[in-house]
Amino acid sequence: MNIAVIDDDKLVAISLKTILESTGHITVSDMGSSGSDAIEICRRNMPEVLLMDIRMEGMNGIEAGEQILSEHPDAKILYLTTFSDDEYIVKALSMGAKGYILKQDFEGIAPAIEAVMRGQSVFGDKIIDRIPELLNKKPEYDFNAHGINEKEREIMELVAEGLSNKEISTKLYLSEGTVRNYISSLLDKLDLRDRTQLAVYYYTEVK
(Lines give C-alpha, C1' and ligand atoms only; values in the text may rest on other atoms or scores of the structure.)
Protein backbone atom coordinates (compact mmCIF):
# COMPACT_ATOMS: atom_id res chain seq x y z
CA MET A 1 0.00 0.00 0.00
CA ASN A 2 1.56 3.29 -1.11
CA ILE A 3 0.78 6.41 0.91
CA ALA A 4 2.08 9.98 1.11
CA VAL A 5 2.79 11.80 4.37
CA ILE A 6 2.47 15.58 4.57
CA ASP A 7 3.59 17.30 7.77
CA ASP A 8 5.54 20.52 8.24
CA ASP A 9 7.40 18.99 11.20
CA LYS A 10 10.08 16.91 9.48
CA LEU A 11 10.78 14.92 12.63
CA VAL A 12 7.10 13.94 12.85
CA ALA A 13 7.03 13.03 9.16
CA ILE A 14 10.12 10.83 9.45
CA SER A 15 8.72 9.19 12.61
CA LEU A 16 5.44 8.45 10.83
CA LYS A 17 7.29 6.91 7.91
CA THR A 18 9.27 4.67 10.26
CA ILE A 19 6.20 3.59 12.23
CA LEU A 20 4.04 2.91 9.19
CA GLU A 21 6.68 1.05 7.20
CA SER A 22 7.41 -1.16 10.21
CA THR A 23 3.99 -2.76 9.61
CA GLY A 24 5.48 -4.45 6.54
CA HIS A 25 2.57 -3.64 4.25
CA ILE A 26 2.55 0.16 4.13
CA THR A 27 5.07 2.05 1.99
CA VAL A 28 5.53 5.81 2.32
CA SER A 29 6.23 6.63 -1.32
CA ASP A 30 6.19 10.42 -0.98
CA MET A 31 6.69 13.00 1.75
CA GLY A 32 6.02 16.73 1.86
CA SER A 33 5.84 19.62 4.29
CA SER A 34 3.09 21.89 2.92
CA GLY A 35 -0.29 21.98 1.27
CA SER A 36 1.31 22.88 -2.05
CA ASP A 37 3.58 19.82 -1.72
CA ALA A 38 0.49 17.65 -1.26
CA ILE A 39 -1.14 19.04 -4.41
CA GLU A 40 2.01 18.47 -6.46
CA ILE A 41 2.46 14.92 -5.14
CA CYS A 42 -1.13 14.04 -6.04
CA ARG A 43 -0.72 15.48 -9.52
CA ARG A 44 2.49 13.56 -10.08
CA ASN A 45 1.66 10.21 -8.51
CA MET A 46 -1.64 9.84 -6.66
CA PRO A 47 -1.04 7.88 -3.44
CA GLU A 48 -3.56 5.30 -2.29
CA VAL A 49 -3.98 7.34 0.91
CA LEU A 50 -2.82 10.89 1.64
CA LEU A 51 -2.00 11.29 5.34
CA MET A 52 -1.89 15.04 5.92
CA ASP A 53 -1.50 17.51 8.76
CA ILE A 54 -3.85 20.51 8.86
CA ARG A 55 -2.04 23.49 10.36
CA MET A 56 0.92 24.20 8.10
CA GLU A 57 2.69 27.34 6.90
CA GLY A 58 1.25 28.84 3.73
CA MET A 59 -1.53 26.66 2.34
CA ASN A 60 -3.02 24.56 5.14
CA GLY A 61 -4.22 20.99 4.85
CA ILE A 62 -7.90 21.89 4.46
CA GLU A 63 -7.20 24.27 1.57
CA ALA A 64 -4.96 21.71 -0.08
CA GLY A 65 -7.53 18.96 0.43
CA GLU A 66 -10.26 21.02 -1.23
CA GLN A 67 -8.10 21.59 -4.29
CA ILE A 68 -6.96 17.96 -4.47
CA LEU A 69 -10.54 16.67 -4.29
CA SER A 70 -11.64 19.13 -6.95
CA GLU A 71 -9.01 17.66 -9.28
CA HIS A 72 -9.18 14.06 -8.03
CA PRO A 73 -12.64 13.34 -6.54
CA ASP A 74 -11.62 9.77 -5.61
CA ALA A 75 -8.61 10.86 -3.55
CA LYS A 76 -8.50 9.32 -0.07
CA ILE A 77 -7.43 12.00 2.40
CA LEU A 78 -6.88 11.17 6.04
CA TYR A 79 -6.16 14.13 8.31
CA LEU A 80 -3.78 13.65 11.20
CA THR A 81 -3.49 16.61 13.54
CA THR A 82 -2.99 17.70 17.14
CA PHE A 83 -6.04 19.96 16.93
CA SER A 84 -9.64 18.86 17.47
CA ASP A 85 -10.87 22.23 16.20
CA ASP A 86 -14.64 22.26 15.50
CA GLU A 87 -14.30 24.31 12.31
CA TYR A 88 -11.67 21.97 10.89
CA ILE A 89 -13.72 18.87 11.71
CA VAL A 90 -16.82 20.23 9.98
CA LYS A 91 -14.80 21.29 6.92
CA ALA A 92 -13.08 17.91 6.72
CA LEU A 93 -16.46 16.16 6.87
CA SER A 94 -18.18 18.41 4.37
CA MET A 95 -15.37 18.34 1.80
CA GLY A 96 -15.28 14.55 1.62
CA ALA A 97 -12.18 13.65 3.62
CA LYS A 98 -12.03 10.00 4.62
CA GLY A 99 -10.95 10.63 8.18
CA TYR A 100 -9.77 12.98 10.87
CA ILE A 101 -7.71 11.54 13.71
CA LEU A 102 -5.56 13.10 16.40
CA LYS A 103 -1.82 12.49 16.58
CA GLN A 104 -2.38 11.48 20.17
CA ASP A 105 -4.19 8.37 18.85
CA PHE A 106 -0.72 7.03 18.07
CA GLU A 107 -1.51 3.32 17.90
CA GLY A 108 -4.54 3.91 15.71
CA ILE A 109 -2.77 5.56 12.76
CA ALA A 110 -1.89 2.42 10.78
CA PRO A 111 -5.32 0.77 11.39
CA ALA A 112 -6.97 4.04 10.31
CA ILE A 113 -5.06 4.02 7.02
CA GLU A 114 -6.05 0.39 6.42
CA ALA A 115 -9.71 1.21 7.16
CA VAL A 116 -9.63 4.11 4.69
CA MET A 117 -8.19 1.78 2.06
CA ARG A 118 -11.17 -0.53 2.64
CA GLY A 119 -13.50 2.37 1.86
CA GLN A 120 -14.37 3.29 5.45
CA SER A 121 -14.38 6.72 7.04
CA VAL A 122 -12.35 6.99 10.23
CA PHE A 123 -12.57 9.49 13.07
CA GLY A 124 -10.81 9.33 16.43
CA ASP A 125 -12.84 8.45 19.51
CA LYS A 126 -12.62 12.00 20.88
CA ILE A 127 -13.98 13.35 17.60
CA ILE A 128 -16.66 10.87 16.61
CA ASP A 129 -18.74 11.58 19.72
CA ARG A 130 -18.97 15.24 18.69
CA ILE A 131 -19.89 14.77 15.03
CA PRO A 132 -23.72 14.79 15.43
CA GLU A 133 -23.56 18.00 17.46
CA LEU A 134 -21.15 19.67 15.03
CA LEU A 135 -23.16 18.82 11.93
CA ASN A 136 -26.34 20.19 13.52
CA LYS A 137 -24.63 23.24 14.91
CA LYS A 138 -26.08 26.54 13.68
CA PRO A 139 -23.42 28.73 12.02
CA GLU A 140 -22.26 31.56 14.25
CA TYR A 141 -24.32 34.68 13.63
CA ASP A 142 -22.41 37.36 11.72
CA PHE A 143 -23.17 40.59 13.56
CA ASN A 144 -20.71 42.54 11.41
CA ALA A 145 -22.60 41.63 8.23
CA HIS A 146 -25.62 43.46 9.67
CA GLY A 147 -23.59 46.41 10.96
CA ILE A 148 -24.36 45.53 14.59
CA ASN A 149 -21.73 46.71 17.07
CA GLU A 150 -20.86 45.23 20.45
CA LYS A 151 -23.13 47.53 22.46
CA GLU A 152 -26.10 46.85 20.17
CA ARG A 153 -25.40 43.14 20.52
CA GLU A 154 -25.57 43.46 24.32
CA ILE A 155 -28.81 45.40 24.16
CA MET A 156 -30.38 42.92 21.73
CA GLU A 157 -29.64 40.10 24.16
CA LEU A 158 -31.09 42.02 27.13
CA VAL A 159 -34.25 42.89 25.16
CA ALA A 160 -34.60 39.19 24.34
CA GLU A 161 -34.29 38.40 28.04
CA GLY A 162 -37.30 40.67 28.67
CA LEU A 163 -35.58 43.63 30.32
CA SER A 164 -37.22 47.04 30.04
CA ASN A 165 -35.37 50.10 28.74
CA LYS A 166 -34.95 51.30 32.31
CA GLU A 167 -33.51 47.97 33.44
CA ILE A 168 -31.14 47.90 30.47
CA SER A 169 -30.02 51.47 31.12
CA THR A 170 -29.25 50.58 34.77
CA LYS A 171 -27.39 47.40 33.81
CA LEU A 172 -25.27 49.04 31.11
CA TYR A 173 -24.90 52.47 32.77
CA LEU A 174 -26.62 54.24 29.90
CA SER A 175 -29.46 56.75 29.80
CA GLU A 176 -32.88 55.44 28.79
CA GLY A 177 -32.77 57.75 25.77
CA THR A 178 -29.52 56.15 24.63
CA VAL A 179 -31.01 52.68 25.05
CA ARG A 180 -34.04 53.71 22.99
CA ASN A 181 -31.72 55.01 20.25
CA TYR A 182 -29.79 51.75 20.20
CA ILE A 183 -32.99 49.74 19.92
CA SER A 184 -34.29 51.97 17.11
CA SER A 185 -30.99 51.48 15.30
CA LEU A 186 -31.28 47.69 15.68
CA LEU A 187 -34.85 47.70 14.37
CA ASP A 188 -33.78 49.73 11.33
CA LYS A 189 -30.76 47.52 10.58
CA LEU A 190 -32.78 44.31 10.84
CA ASP A 191 -35.97 45.70 9.26
CA LEU A 192 -38.05 44.83 12.33
CA ARG A 193 -41.11 46.58 13.69
CA ASP A 194 -40.76 46.47 17.48
CA ARG A 195 -38.86 45.01 20.43
CA THR A 196 -41.05 41.88 20.43
CA GLN A 197 -39.91 41.09 16.89
CA LEU A 198 -36.34 41.86 17.98
CA ALA A 199 -36.59 39.30 20.78
CA VAL A 200 -38.03 36.67 18.45
CA TYR A 201 -35.31 37.42 15.91
CA TYR A 202 -32.64 36.94 18.55
CA TYR A 203 -33.87 33.52 19.58
CA THR A 204 -34.52 32.25 16.03
CA GLU A 205 -31.53 33.72 14.18
CA VAL A 206 -28.83 34.53 16.72
CA LYS A 207 -29.08 32.29 19.77
Side-chain angles (χ1 to χ4, degrees), residues 1-140:
M1 181 195 310
N2 293 319
I3 76 161
V5 172
I6 309 295
D7 197 301
D8 62 354
D9 187 325
K10 291 185 177 180
L11 181 58
V12 169
I14 292 170
S15 298
L16 286 169
K17 177 179 170 67
T18 301
I19 292 165
L20 294 171
E21 293 193 333
S22 70
T23 63
H25 56 272
I26 297 176
T27 299
V28 178
S29 56
D30 285 288
M31 297 176 67
S33 59
S34 67
S36 56
D37 284 348
I39 293 169
E40 181 56 35
I41 286 169
C42 290
R43 286 173 178 169
R44 184 178 69 245
N45 181 30
M46 175 61 70
E48 292 178 87
V49 177
L50 177 64
L51 182 65
M52 181 160 55
D53 194 8
I54 288 184
R55 292 194 180 183
M56 297 182 287
E57 291 294 326
M59 180 182 287
N60 65 40
I62 294 292
E63 293 167 336
E66 288 174 336
Q67 185 162 333
I68 290 167
L69 286 167
S70 71
E71 297 178 12
H72 313 279
D74 295 330
K76 293 181 171 66
I77 300 175
L78 175 60
Y79 285 112
L80 178 66
T81 181
T82 54
F83 303 97
S84 57
D85 186 286
D86 288 356
E87 182 182 357
Y88 287 148
I89 296 170
V90 172
K91 284 185 176 179
L93 284 166
S94 61
M95 69 189 274
K98 299 302 180 184
Y100 186 118
I101 58 176
L102 300 180
K103 289 180 180 177
Q104 295 91 312
D105 299 335
F106 194 79
E107 295 179 352
I109 297 173
I113 291 172
E114 292 164 2
V116 167
M117 273 301 301
R118 293 193 298 269
Q120 299 175 17
S121 294
V122 180
F123 296 91
D125 291 341
K126 292 181 180 179
I127 294 170
I128 200 164
D129 291 339
R130 295 164 57 198
I131 289 175
E133 175 191 351
L134 292 175
L135 291 180
N136 292 318
K137 191 175 182 180
K138 182 189 293 184
E140 186 173 347

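This one's a predicted model, so the numbers in the text were calculated from it and none came from an experiment.
- Remark: S29 pairs with no residue by the side chain to side chain donor-acceptor pair (under 3.5 Å) rule, at least two apart or across chains.
- A 4.5 Å side-chain heavy-atom check between E48 and N2 finds at least one atom pair inside the cut-off.
- Screening residues 58-73 for salt bridge (Lys or Arg N to Asp or Glu O under 4.0 Å), with sequence neighbours left out, gives R43-E71.
- A salt bridge (Lys or Arg N to Asp or Glu O under 4.0 Å) check over residues 4-29, counting only residues at least two apart or in different chains, returns the pairs D7-K103, K17-E21.
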Is there a side-chain contact (heavy atoms from CB on, under 4.5 Å) between I68 and L50 once you walk through the steps?
CA-CA 10 Å; I68 290 167; L50 177 64; 3.6 Å; yes
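- Residues meeting the side-chain contact (heavy atoms from CB on, under 4.5 Å) test with T23, sequence neighbours left out: H25, I26, A110.
- Across every non-hydrogen atom of P47 and C42, the tightest pair is CD-SG, 4.0 Å.
- The minimum heavy-atom distance linking R55 with D53 is given by the pair O-OD2, 3.7 Å.
- Counting heavy atoms from C-beta outward, I3 and T27 have side chains that stay 4.5 Å or more apart.
- Remark: L20 CG to E114 CD distance equals 9.5 Å, nearest 0.5 Å.
- Counting heavy atoms from C-beta on, the side chains of I19 and I109 never come closer than 4.5 Å.
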Full working for side-chain contact (heavy atoms from CB on, under 4.5 Å) between K91 and I62
CA-CA 7 Å; K91 284 185 176 179; I62 294 292; 4.0 Å; yes
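- The minimum heavy-atom distance between G65 and Y79, with the atom names listed, is CA-OH, 3.5 Å.
- Remark: S33 engages D37 in a side-chain contact (heavy atoms from CB on, under 4.5 Å) (not counting sequence neighbours).
- You'll find the side chain of M31 stays beyond 4.5 Å of the side chain of I6, heavy atoms only.
- The nearest pair of heavy atoms linking M52 to A38 is SD-CB, 3.6 Å.
- Annotation: side chain of L16 is in contact with side chain of L80 (closest heavy-atom distance under 4.5 Å).
- D30 meets the side chain to side chain donor-acceptor pair (under 3.5 Å) test with R44; sequence neighbours excluded.
- For the pair M1 and M117, the minimum side-chain heavy-atom distance is below 4.5 Å.
- Formation of a donor-acceptor pair under 3.5 Å by the Y100 side chain with backbone atoms of V122 is not found in this model.
- Contact check for K76 versus V116: side-chain heavy atoms found under the 4.5 Å cut-off.
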